[in-house]
Each structure stands twice: as C-alpha cells, then as structure tokens.
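Remarks on the structure that follows.
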Number of protein chains: 2
Amino acid sequence: MSQHRHPGAPGRAGAVPALPDLPEATVARLPEYLRALHNLADAGHETISSEGLSAAAGVNSAKLRKDLSHLGSYGTRGVGYDVALLIEQIEYVLGLTQRRAVALVGVGNLGHALAGYDGFASRGFRIAALLDADPSRVGEEINGLVVRHVDELPAVATEESIAIGVIATPAAAAQRVADQLVAVGVTSILNFAPCVLSVPEGVDVRKVDLAIELQILSFHEHRKASLTALPATGGSALTALPGGLAATDTQEAIGT
Amino acid sequence: MSQHRHPGAPGRAGAVPALPDLPEATVARLPEYLRALHNLADAGHETISSEGLSAAAGVNSAKLRKDLSHLGSYGTRGVGYDVALLIEQIEYVLGLTQRRAVALVGVGNLGHALAGYDGFASRGFRIAALLDADPSRVGEEINGLVVRHVDELPAVATEESIAIGVIATPAAAAQRVADQLVAVGVTSILNFAPCVLSVPEGVDVRKVDLAIELQILSFHEHRKASLTALPATGGSALTALPGGLAATDTQEAIGT
DNA sequence: CGCGATTTGTGCACGTCTTCACAAGCGCCT
DNA sequence: AGGCGCTTGTGAAGACGTGCACAAATCGCG
C-alpha cells in the first residue's frame, strides 16, 4: 500500500487514468455491490461497513473488502465506506459514467421483453435501436422505438455509437447477426441464443442461456433426491447437505 | 480408473445409483455439451471426438475430457464418444430423464416472454403453472395456460409436483414469493429479480440479472477504450489484448 | 498377428479465487 | 492527550479450476 493509486477522479474528464486490471471474478461482483449500494443510498445510509454491504450483496465480507481494495483505498478504518463515493467509483470503473447505447437484434418473444425491460435504462444503458430480419416485424413500434431491418445496421451504427450488441434471435440466425455486429465495429456482445458464437480476437461475448440455468438446478434437484433416497450414513442427509453443493455463483442459505 | 463406477443405468428405474459429486464448474458446462451433442446427433454423427465436441461447445478439449471422465468412462480410445450414449448419460446425470415441472411467478414483461419461450419445453422442462399477484392479470391465458393468483401456490403444488420455481417479479416482491415457494416445498429457484434472496439451507438459488451482464461488458468496453487511448508500450494495444481479458465464462475469440 | 495411427483418460504443475486471521489506522470518549 | 473499540486492508494458506503432455487403449490394415 502506501502509494495510494491515483483515484479514478470520475469527475475529471481529463486523461484516462488507466484502469487497474481487476480479477474477472471481482468484475463480475461489482455490479452486485453497485445495486446494493444504490439501495442503501435510497434508504438514507451515508456510510456502510463491509459487513453490512456484503450482507446486502450476498457475499463474504472478506471477499468484498478484497474486491474493493482493488479499486483503491476508499474506506475509512473504524467507520466503513462512504456510500456515495463508492457508487461513484464503481460506476466509473464499470464505465457507466456515460450512458452506453445498446443495439438489440431479434424482436421475437424474448427480444420484445428485453426491449421493454426498464432495468436497462435505470442501470446505465439506453436501447438505441431495435432490429429484426423478419420484414413483417419491421416498422413495429415498441416502447417508442421503431423496429428496423437488420441490414440497416451499418446506418444505425453511423447514427449512434453502438457500444454493445444484444442478440435475441433464434440460434440459427445468431452467428450471422454476430458477424454483422462485428462488421460495424461492435466489440461487446450479449448472446441469448443457445449456440456458440465465433468472433475475432478482441471481441467479448457473454452468453445467457435460460435453459442451462434450469438444467443446472435440475442437477442439484436430482442430486438432493438421490441423497435423501439413500439410508445415509449417520444423520439426516437433508440437514447434512455439504456446503460444497453451493455453486460458485449460486447463492445458498444466506443466514437469516 | 480400474474400478469402473457402475454406470448410471438410465434405463433401469431401480435403485438410485448415487450420483458422483461433480465439480460445480463441470456441472455448469454439461448443459452446453448436451446442446452440442443434440446438434451433432441431428446432423447424423454417431460418434464424436473430444476435439470435435469441444469445438462445438466452445471449450478446451482437455477440459471436456476431464469433465466427461467424471461421469465415468464412456469414450472409446481411438474412436471417440458415442453420441447417443453420451446424451443419455448427461441427461441422466442432470436429472432430465423426467420432465420437470416449473412454476413461473410473475407474468409481467419478462415473465410473459419466459412463458412463451419454447426452449424450456425442448430441453426437458414443462411450465406447469403461471402465477401473479396482480388480480388484473389473473385469468389471462398465455400459451394455453391460465394465470392463477400467487396465493393459489399451495393448491398448485398439490396438483403438480413442482421441481423448480422461477421468479420474474419486480425486486420488491421477490423475497415474498421466494418464501412462498419454499413454504410449498420448492428447493430450487431461478431468480430474475435484481435482488439477493435469503432462503433456508438446502434450497438452491440461481440468479440471472440481465443488467449485470451488460455492466460486465461495459467494464471491458471501458477497459479496451482506456487501453487504446494510451500510447502503449510497443505494439498496438488492440492486438496485444491480454488473454486475461477473457472472462471465466466469457467465450472470446474462438479460432475460426 | 503385429504395428501404427488415433484418441481417451489422467498425473502434474500452474494460475486464480477464496477465506482466515491479524496488524494498521481511525474516531470517539474520558 | 491517551486509550479503547471498531473496521479496513492484506499476507498467507488452502481450495479449486485449467491446460499440458503423455501413457494406455482401441481400431484398422497389411
């Protein structure tokens, strides 16, 4: 320590201060901390201890402190963290100080829901365009936006600076859409289609597959059932569920 | 090795053969392998090498082999894996041999889309009930199912054996719904509401937060921008993107 | 029948993540 | 001013996950 890393200085729009390279596991948790902090701020808290924040975010308090320490030293010993300051810092690191434009491709069942999801707007994003390959869907208005044909992507990209592309098409169309997104310069893609996308180096793809989540739960369900079916060696199998069952990012049994 | 673990014998409905306890990371990948295998089967493949399957699933081949080895020894050296057999095995381990009933609570924007998502039906699940707390939504028919009031949950649970509960309500209502689900014996919950749920031990919760995924992408976007903004020491910063940027479950730059 | 090509299954080493435990620092009270 | 209680920040150890590299096993062919 000692050498205080220059704070991100989110207010100053000057030189970009070269982000600390955070462990990926930490990055994945920062949004959760951010959400919890906003709740705390709304509830009137000005400061919060690592214990309190970690409970609100559903993680271990030591883990939280280590995560936050990667951002710099923004806590006060004996007191805790300044809620407002920490929000500012995390939003800065996550790149949420600018409202990023999102292009959503595929306005079917799921895409329709995403287009209407207000959680995007409230958490730093703006749906800038809705696109679909189906001509019968083009022209439809959803939430104040008109659906355009996916081939207009280049035009859309010049009008708006698209930061992130969201793919909500059937699997068969996803790779083609990904290619089109990459072609217009998109380097971050959120893929809801159940398939693997191949993209050039430097492009990040995150995948969300609803059925996979259910299948993971199904495994644990199956496993619990097979455990209770056994006579078990000493002690009720149910109450003796090993903590190991708790998944990496599966929260389990938060103390009352 | 040597002591071949008795195969799951998915055909036999006899004694439950005590599932091997798989590493959580492996469990999370099995559904992806399963999807790839179904594709391969549809394409007419009878066997597949670890190399081929790993490419289709977007993972390292050594990792795939290690994952599969945890299930038992179902490959043939010099040949590969029998596609049909492997599908059978993975489905057995994941507990997909029975079609599990899912109760979906919250038929708003997102819930509506989930109710109509056919990916559930095609991958081992059956939406058995739609529930909502809003009286004005009760009675509505979606996809052949009538929305019932959430207070009817106990009745629903006696009619059907609910294996998994899906929460697609606003955050404010989520904890209450979770409590209700737990009360009727549900031990696996998929939570789409942006909040932490507290549940008793033995209940598994998985969370999907769409905004969080975007925020993680935003971080990488921000990071890439801050890198290119720097003069950089030797070599284009863009092409020199460290592999470390690739997240744990973020696929990146699959080789063509 | 034996040999070479192929592919699985896995021991081992490495890197990442988690958790404990505690020193260092801060504010408050006397 | 000094001491006490509280909380952060972090070193170190252990658990976990990953990927290489290779021995073991199987098939097909001569």
Side-chain angles (χ1 to χ4, degrees), chain A residues 1-5 7 20-30 33 45-55 57-83 85-86 89 242-252, chain B residues 1-5 20-30 33 45-55 57-83 85-86 89 242-252 255:
Chain A
M1 45 128 133
S2 63
Q3 59 160 334
H4 277 202
R5 162 192 305 290
D21 55 347
L22 309 173
E24 190 56 34
T26 296
V27 174
R29 283 186 295 264
L30 287 181
Y33 302 156
H45 289 74
E46 300 212 338
T47 65
I48 183 70
S49 69
S50 65
E51 203 67 43
L53 181 53
S54 69
V59 301
N60 180 300
S61 71
K63 183 152 55 177
L64 175 110
R65 286 198 298 277
K66 188 151 287 187
D67 282 342
L68 294 185
S69 77
H70 287 129
L71 307 185
S73 201
Y74 294 112
T76 307
R77 290 166 138 104
V79 178
Y81 298 92
D82 181 293
V83 172
L85 175 61
L86 204 48
Q89 277 306 317
L245 259 189
T248 323
D249 62 344
T250 294
Q251 67 170 97
E252 164 149 352
Chain B
M1 36 69 190
S2 61
Q3 58 160 334
H4 277 203
R5 163 191 306 289
D21 55 346
L22 308 174
E24 190 56 33
T26 296
V27 174
R29 282 187 294 265
L30 287 181
Y33 302 156
H45 289 74
E46 299 213 337
T47 65
I48 183 72
S49 69
S50 65
E51 204 67 44
L53 180 53
S54 68
V59 302
N60 181 299
S61 70
K63 183 151 55 177
L64 175 110
R65 286 198 297 278
K66 189 155 289 188
D67 282 342
L68 294 186
S69 77
H70 287 129
L71 306 185
S73 200
Y74 295 112
T76 306
R77 290 167 139 106
V79 177
Y81 298 92
D82 181 292
V83 173
L85 175 62
L86 204 48
Q89 275 308 316
L245 258 189
T248 322
D249 61 344
T250 294
Q251 67 171 97
E252 164 148 354

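Every chain is numbered from 1 and lettered A, B, ... according to where its sequence line falls, protein lines coming before strand lines.
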Spacing between [X] atom [atom1] and [N] atom [atom2], to the nearest angstrom:
X	N	atom1	atom2	value
Leu64(A)	dC20(C)	CG	P	14 Å
Glu51(B)	dG19(D)	CD	C1'	13 Å
Tyr74(B)	dT26(D)	OH	C1'	19 Å
Leu71(A)	dT10(D)	CG	P	12 Å
Ile48(A)	dT7(D)	CD1	C1'	12 Å

ask   = Nearest to the side chain of Lys63(A), which nucleotide is it out of dT7(D), dT18(C), dA21(C)?
value =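 The answer is dT18(C), which lies nearest to the side chain.
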
ask   = Where do Thr26(A) and His70(A) come nearest, in terms of heavy atoms and distance?
value =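 Answer, listing the atom of Thr26(A) first, then His70(A): OG1-ND1, 3.8 Å.
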
Presence of [X] side-chain N/O under 4.0 Å of [N] phosphate oxygens OP1/OP2:
X	N	result
Arg29(A)	dT18(C)	yes
Asn60(A)	dC20(C)	yes
Tyr81(A)	dC26(C)	no

Dump the pairs, protein N or O against N or O of nucleotides 27-30 of chain D, anything under 3.5 Å, distances to one decimal.
none

key: Residue whose closest nucleotide on DNA chain C lies nearer the 5' end, Lys66(B) versus Ser50(B)   =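 Result of the comparison: Ser50(B).
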
query = Closer to the 5' end of DNA chain C via nearest nucleotide, is it Ala62(B) or Thr26(A)?
reply =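 Nearest-nucleotide comparison on DNA chain C picks Ala62(B).
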
ask   = Can you list the steps and then say if Tyr74(B) with Asp82(B) is a side chain to side chain contact (heavy atoms under 4.5 Å, CB included)?
value = CA-CA 8 Å; Tyr74(B) 295 112; Asp82(B) 181 292; over 6 Å; no

query = Which residues pass the salt bridge (charged side-chain N to carboxylate O under 4.0 Å, His left out) test with Arg29(B), sequence neighbours left out?
reply =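 Salt bridge (charged side-chain N to carboxylate O under 4.0 Å, His left out) check on Arg29(B) returns Asp67(B).
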
key: Tyr33(A) vs Leu86(A) side-chain heavy atoms within contact, under 4.5 Å   =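 Heavy-atom side-chain distance check fails, nothing below 4.5 Å.
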
inquiry  = So, using side chain to side chain donor-acceptor pair (under 3.5 Å) as the criterion, who are the partners of Ser50(A) when residues are at least two apart?
reply    =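 Arg65(A).
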
request  = Give a yes or no on whether the backbone of Val79(B) and the side-chain of Thr76(B) come within a donor-acceptor separation of less than 3.5 Å.
outcome  =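 Pair absent, no side-chain N/O of Thr76(B) close to backbone of Val79(B).
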
